[in-house]
Amino acid sequence: MAAAGGGRLRRAASALLLRSPRLPTRELSAPARLYHKKVVDHYENPRNVGSLDKTSKNVGTGLVGAPACGDVMKLQIQVDDEGKIVDARFKTFGCGSAIASSSLATEWVKGKTVDEALTIKNTDIAKELCLPPVKLHCSMLAEDAIKAALADYKLKQEPKKGEAEK
């Protein structure tokens, strides 16, 4: 008999819970509570996600990671014949701040020359996204990814040993 009474109690409790007023989902969203709205915007609407052809001579690829937190960031740039970055793509495995930093970095490098892109600093990314000190490593990763992609692009522009002798 106790088991039957317990079943009725569970059903009554479930019915009460289903009828109780609930908070809007937006208020319970962790990113909305823990991150600045700029980070949430780039996280929920990331710009330039994807990949470019890494074998192309005018594409530079930077792959960087942070062992302490497990974030991995791939950032690619495509440069035209005049040395201007015409496209950028990223793929990031990491927290909202890492994804937002990558997304912002791709927006910022587009339209810049290779030398201008080298002037983008992690402090500028962190300031724009209002990152807290505990998330500064995400903006550092983005800067490192930009530099790695630019270095890869420049390496591809150097003539091969056989080509230089001709």
Side-chain angles (χ1 to χ4, degrees), residues 25-26 29-166:
T25 307
R26 191 74 178 148
S29 170
R33 282 184 285 133
L34 302 175
Y35 293 105
H36 190 274
K37 63 184 178 180
K38 290 179 181 180
V39 173
V40 174
D41 178 43
H42 277 277
Y43 175 76
E44 291 180 348
N45 308 293
R47 286 67 149 178
N48 309 306
V49 175
S51 295
L52 299 169
D53 179 10
K54 66 180 179 185
T55 62
S56 177
K57 187 176 178 175
N58 66 334
V59 171
T61 302
L63 183 63
V64 296
C69 65
D71 292 348
V72 178
M73 192 177 288
K74 179 178 86 169
L75 189 139
Q76 294 179 297
I77 55 162
Q78 182 177 354
V79 185
D80 68 11
D81 294 335
E82 284 78 48
K84 185 169 275 196
I85 299 169
V86 292
D87 200 4
R89 298 275 181 234
F90 83 93
K91 284 189 177 180
T92 294
F93 177 82
C95 67
S97 295
I99 292 167
S101 294
S102 313
S103 176
L104 183 66
T106 59
E107 283 193 315
W108 280 6
V109 297
K110 281 185 178 183
K112 290 189 174 5
T113 65
V114 170
D115 291 334
E116 289 170 342
L118 279 170
T119 66
I120 296 173
K121 299 292 175 216
N122 71 292
T123 51
D124 300 325
I125 294 169
K127 187 175 180 182
E128 176 66 21
L129 294 173
C130 304
L131 295 178
V134 73
K135 293 294 183 178
L136 290 181
H137 66 279
C138 298
S139 62
M140 290 178 201
L141 269 182
E143 180 184 344
D144 291 345
I146 292 169
K147 288 180 177 175
L150 292 167
D152 182 55
Y153 166 75
K154 287 180 177 181
L155 189 65
K156 288 181 175 181
Q157 303 315 300
E158 293 176 5
K160 303 265 192 271
K161 279 190 175 183
E163 294 174 11
E165 295 170 4
K166 290 181 183 178

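The basis for the numbers below is simple: all heavy atoms, side chains too, and nothing from hydrogens, waters or symmetry mates. In this chain, residues are counted from 1 in sequence order.
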Please tell me if the side chains of [X] and [Y] come closer than 4.5 Å, counting only heavy atoms from C-beta onward.
X: K110; Y: D87; result: yes
X: C95; Y: C69; result: no
X: K91; Y: S51; result: yes
X: V79; Y: Q157; result: no
X: V59; Y: Y153; result: no
X: E143; Y: I120; result: no

For a quick test of reading the model, state the closest non-hydrogen atom pair linking [X] to [Y] and the distance between them.
X: G96; Y: V39; value: O-CG1, 3.7 Å
X: K121; Y: L118; value: NZ-O, 3.6 Å
X: F90; Y: P46; value: CZ-CB, 4.0 Å
X: A98; Y: C138; value: N-SG, 3.6 Å
X: N48; Y: A88; value: CB-O, 3.2 Å
X: M73; Y: A145; value: SD-CB, 4.0 Å

Let me confirm one number: the [atom1]-[atom2] distance from [X] to [Y], rounded to the nearest 0.5 Å.
X: L75; Y: D152; atom1: CG; atom2: CG; answer: 11.5 Å
X: K156; Y: T61; atom1: NZ; atom2: OG1; answer: 5.0 Å
X: T92; Y: Y43; atom1: OG1; atom2: OH; answer: 12.0 Å
X: I85; Y: N58; atom1: CD1; atom2: CG; answer: 11.5 Å
X: K54; Y: Q76; atom1: NZ; atom2: CD; answer: 8.5 Å
X: I125; Y: L136; atom1: CD1; atom2: CG; answer: 11.0 Å

### Message
Treating S101 as the side-chain partner and S97 as the backbone partner, does any N or O pair qualify as donor plus acceptor under 3.5 Å?
### Response
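Checking the backbone N and O of S97 against the side chain of S101, a donor-acceptor pair under 3.5 Å is found.
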### Query
Can D41 and R47 be counted as an ion pair, charged N to O under 4.0 angstrom?
yes
### Query
Are E158 and K154 close enough for a salt bridge, meaning some N to O gap below 4.0 Å?
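No, no charged N to carboxylate O under 4.0 Å.
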### Message
Please determine whether side chain to side chain contact (heavy atoms under 4.5 Å, CB included) holds for the pair I146 and W108, giving the CA-CA distance in whole Å, both sets of side-chain angles, and the decisive distance to 0.1 Å.
### Response
CA-CA 10 Å; I146 292 169; W108 280 6; over 6 Å; no
#### Entry: side-chain contact (heavy atoms from CB on, under 4.5 Å), paired with L129, selected from H36, K37, H42
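Considering H36, K37, H42, a side-chain contact (heavy atoms from CB on, under 4.5 Å) with L129 is found only for H42.
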